[in-house]
Amino acid sequence: MYALVDGNNFYVSCERVFRPSLNGRPVVVLSNNDGCAIARSNEAKDLGIKMAAPWFGIKHLEQEAGLVALSANFTLYGDMSDRMMSLAAGLGPTQEIYSIDESFIGLQGVRGDLMKRARTVRERILQWVGIPCCIGIAQTKTLAKLANHIAKTAERKPGSYPSELTQVCNLATLPAQDLEDVLRATEVGAVWGVGPRIDKQLQEEGVRTVLDLARLDPATIRRRWGVTLERTVRELQGQACIELDDAPGPKQQIACTRSFGKPMHELAPLIEAVSEFAGRAAEKLRSQKSLATELLVFMHTSPYRPGPQLSRSVVVPLRRPTDDTLALAQAAADGMRYMYVPGYRFIKAGVILVDLQSADVLQRELDLETPAEDEPKRNRSQLMGAMDAINGRYGKGTVHAASTGKVGPKRVWGMKQERRTPQYTTRLEDVPVARA
DNA sequence: TCTGGGGTCCTAGGACCC
DNA sequence: TCTGGGGTCCTAGGACCC
């Protein structure tokens with residue numbers, strides 16, 4: 001038995017905690033570069049704003065409908081997420097943090113009234129953290145996701161489902177006939193694992209509702225769509241195929257990619273940008289105690305704009321597996337120099353560290369390394385440790401590779417973030433002050 | 001006339017997730 | 001003027017092995 005705890009309109013809800021005046025108003029949170037909407041309040045959804053709608057296309061709603069748009073404040077959301085997750089963990093013995101705003105809870109061995117317990121956790125998260133959330137409960141993770149979807153929809157659109165399914169929805173205790181009705185009332189595209197592509201194919205086959213999908217034969221599904229969808233169907237039928245992963249391993253790849261505030265056509269700022277991206281990726285790499293053996297650099301022009309298009313990438317092999325910011329920044333800069341061609345307006349670039357391995361099992365080089373040659377390497381890793389400590393204490397980018405250029409909001413390739421809110425919970429200067 | 005069978009590893013691309 | 005970022009898993013096909 002599983003529960004899924006999921007924050008409602010999470011980023012918007014985080015902002016509302018510190019600006020209650022946003023309650024009841026249409027609010028969106030914009031992606032990096034203020035490009036498009038990545039979170040919407042219910043009021044914004046009611047205005048017809050779609051997920052990932054480009055900002056320039058909905059900006060007119062500021063004037064016409066009182067829409068409020070905020071730049072994404074991921075530092076704030078990450079901190080609020082930690083608080084919410086620690087309370088959600090109280091629902092059962094195991095927890096898988098699945099994304100910034102949702103976690104699965106394993107409910108094995110939980111006794112007593114599950115509904116009551118879930119409502120208590122929900123109330124506690126609302127009161128202590130300020131985030132409204134919904135909880136879905138069922139025999140499998142896919143059904144728990146579905147239950148959560150139903151709990152949310154029932155709350156947002158009264159009448160769409162029986163009212164007792166709002167906020168906390170337990171499909172496991174629903175009588176068979178009621179369960180069927182609920183599955184019949186839910187579109188197949190709402191199922192976890194059914195994306196736009198498969199949704200379209202299923203529709204063409206006449207599979208429109210979750211009930212239609214749940215009644216299909218798993219073997220047929222496997223032949224036509226593969227094991228992934230087969231698992232989904234079995235999970236809808238109550239057979240658990242996807243286990244709770246409460247101790248995920250280290251990441252297999254680490255990326256840092258950004259769109260620029262404006263197109264770049266010269267080499268120098270592109271080198272600065274990818275050097276910085278490599279440095280950020282290296283920090284993440286060190287924090288999970290991994291080493292990279294290869295680094296991929298890419299850049300491309302905007303597919304939305306007219307003019308010549310170009311997309312290039314290059315894999316830079318590293319001489320030995322490393323987590324060193326300077327080595328990775330150098331490799332990224334080399335890769336950029338290698339693939340750069342003048343005459344294009346590049347809108348995005350990035351660095352992806354691939355082929356990661358554990359820092360504990362570093363293979364040394366045969367016969368080439370004497371203790372004397374080890375010395376500078378040890379110094380280098382101490383340098384990285386010092387860098388991480390300083391940046392941890394005084395803020396990101398306090399010390400960085402010189403190749404990233406002068407850090408600051410003025411740099412030519414920097415992001416547009418015109419509507420950023422304060423880091424209420426993680427910067428002393430930004431902590432709200434209460435007046436008597 | 002006619003040329004095996006069984007396996008692993010790697011990669012690129014596609015699909016999905018939030 | 002203007003369209004995000006960071007991941008995962010699966011599959012097919014090719015290279016290679018004995």
Side-chain angles (χ1 to χ4, degrees), chain A residues 4-11 28-40 49-60 62 69 71-74 77-78 81 96-104 141-142 145 148-149 152 189-202 221-232 235 241-243 245 248-263 277 280-281 284-285 288 293-294 296 298 300-307 311 313 315 345 347-356 415-418:
Chain A
L4 180 76
V5 184
D6 189 333
N8 299 354
N9 313 329
F10 186 68
Y11 298 163
V28 293
V29 170
L30 301 176
S31 64
N32 276 336
N33 252 330
D34 294 345
C36 55
I38 55 173
R40 304 157 293 155
I49 297 173
K50 302 284 180 224
M51 188 61 179
W55 172 233
F56 68 84
I58 55 175
K59 193 171 192 303
H60 62 97
E62 266 186 314
S71 301
N73 185 346
F74 291 112
Y77 311 150
S81 171
E96 171 186 349
I97 295 176
Y98 178 69
S99 75
I100 193 162
D101 69 333
E102 54 189 304
S103 69
F104 287 101
K141 286 170 81 174
T142 303
K145 281 284 272 188
N148 188 277
H149 169 81
K152 277 206 163 96
V191 172
W192 188 42
V194 176
R197 204 68 175 247
I198 292 174
D199 185 21
K200 185 156 172 273
Q201 292 165 0
L202 287 171
I221 291 286
R222 183 182 198 132
R223 271 194 301 278
R224 167 85 199 266
W225 282 282
V227 291
T228 316
L229 194 64
E230 182 197 5
R231 273 200 285 262
T232 298
E235 286 240 321
C241 304
I242 308 172
E243 284 181 12
D245 184 7
K251 300 242 189 305
Q252 298 170 37
Q253 58 177 51
I254 290 175
C256 182
T257 72
R258 292 282 179 279
S259 297
F260 305 126
K262 57 182 181 187
F277 299 163
R280 293 236 186 253
K284 297 185 205 169
L285 191 65
Q288 69 162 32
T293 56
E294 284 181 340
L296 183 146
F298 74 85
H300 60 77
T301 51
S302 171
Y304 301 107
R305 295 181 186 220
S311 173
S313 71
V315 173
R345 293 156 58 82
I347 195 65
K348 181 170 180 174
V351 167
I352 305 175
L353 305 180
V354 286
D355 210 353
L356 307 188
M415 278 192 298
K416 206 160 62 182
Q417 281 203 312
E418 292 165 353

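Throughout, a chain's letter reflects where its sequence line sits, starting with A, and its residues are numbered from 1.
Residue-level contact check: A:Asp101 touches the backbone only, with heavy atoms under 4.0 Å from sugar-phosphate atoms and none from bases. In this structure, A:Val315 reaches neither bases nor backbone, as no heavy-atom distance under 4.0 Å exists between it and the strands shown. A:Lys59 comes within 4.0 angstrom of nothing in the nucleic acid, heavy atoms only. Within 4.0 Å (heavy atoms only), A:Lys145 reaches sugar-phosphate atoms of the nucleic acid but no base atom. Among the protein residues, A:Arg231 comes within range of the sugar-phosphate backbone only, with heavy atoms under 4.0 Å from sugar or phosphate atoms but none that close to a base. Using a 4.0 Å heavy-atom cutoff across all strands shown, A:Phe10 reaches no nucleic acid atom at all. Note on A:Ile352: nothing from the nucleic acid sits closer than 4.0 angstrom, heavy atoms only. Using a 4.0 Å heavy-atom cutoff across all strands shown, A:Ile254 reaches sugar-phosphate atoms only and no base atom. Within 4.0 Å (heavy atoms only), A:Asn33 reaches no atom of the nucleic acid at all. Contacts of A:Lys251 with the nucleic acid, taken as non-hydrogen atoms under 4.0 Å apart, involve only primed sugar atoms and P, OP1 or OP2. Across all strands, A:Pro196 comes closer than 4.0 Å only to sugar-phosphate atoms, never to a base (heavy-atom distances).
Look at CD1 on A:Ile97: it is 16 Å from P on C:dG7, rounded to the nearest Å. Atom CD1 in A:Ile38 sits about 13 Å away from atom C1' in C:dT3, given to the nearest Å. For the pair A:Gln252 CD and C:dG7 P, the computed distance is 11 Å after rounding to whole Å. For the pair A:Tyr77 OH and C:dG5 C1', the computed distance is 14 Å after rounding to whole Å. The separation between A:Tyr98 atom OH and B:dC17 atom C1' is 4 Å, rounded to whole Å. Rounded to whole angstrom, the span from the NZ atom of A:Lys50 across to the C1' atom of B:dC18 amounts to 18 Å. A straight line from NZ of A:Lys200 to P of B:dG14 spans 16 Å, rounded to a whole angstrom. The distance between atom OH of A:Tyr11 and atom P of C:dG6, rounded to the nearest whole Å, is 11 Å.
In this structure the side chain of A:Leu285 never reaches within 4.5 angstrom of the side chain of A:Lys251, judged on heavy atoms. Side-chain contact between A:Phe298 and A:Ile352 is present, with heavy atoms from C-beta onward closer than 4.5 Å.
If you check C:dG6, C:dC10, C:dG4 against the side chain of A:Ser259, the one that comes closest is C:dG4. Comparing B:dC18, C:dC10, B:dC16 by their nearest atom to the side chain of A:Ile198 picks out B:dC16. Side-chain proximity of A:Phe56 to C:dG6, C:dT3, B:dA15: nearest is C:dT3. For A:Ile347, taking side-chain heavy atoms from C-beta onward, the closest of the listed nucleotides B:dC18, C:dT3, C:dG7 is C:dT3.
Under the 3.5 Å distance criterion, the side-chain polar atoms of A:Asp6 are left unmatched by any main-chain donor or acceptor of A:Asn148. Of the possible polar contacts, none joining the A:Ser31 side chain to the A:Ile38 backbone as a donor-acceptor pair under 3.5 Å is found. Side chain of A:Glu96 to backbone of A:Asp245: a donor-acceptor contact under 3.5 angstrom is found.
If you take atom P in B:dC17 and the same atom in C:dT3, they sit 25 Å apart, rounded to whole Å. Nucleotides B:dC2 and C:dC18, compared at atom P, are 30 Å apart to the nearest Å.
Taking a pair to require two hydrogen-bonding distances under 3.5 Å in either a Watson-Crick or a G-U wobble arrangement, C:dC18 pairs with B:dG5.
Using bins of under 30°, 30° to 60° and over 60° for the plane-to-plane angle, the ring pair A:Trp192/A:Tyr98 lands in the perpendicular bin.
Between A:Cys36 and A:Gln253, it is A:Cys36 whose nearest contact on DNA chain C lies nearer the 5' terminus. Comparing A:Lys284 and A:Val227 by the nucleotide of DNA chain C that holds the closest heavy atom to each, the one mapping nearer the 5' end is A:Lys284.
Other residues, nucleotides and ligands contribute more than 12 heavy atoms inside 6.0 Å of the CD atom of A:Glu62.
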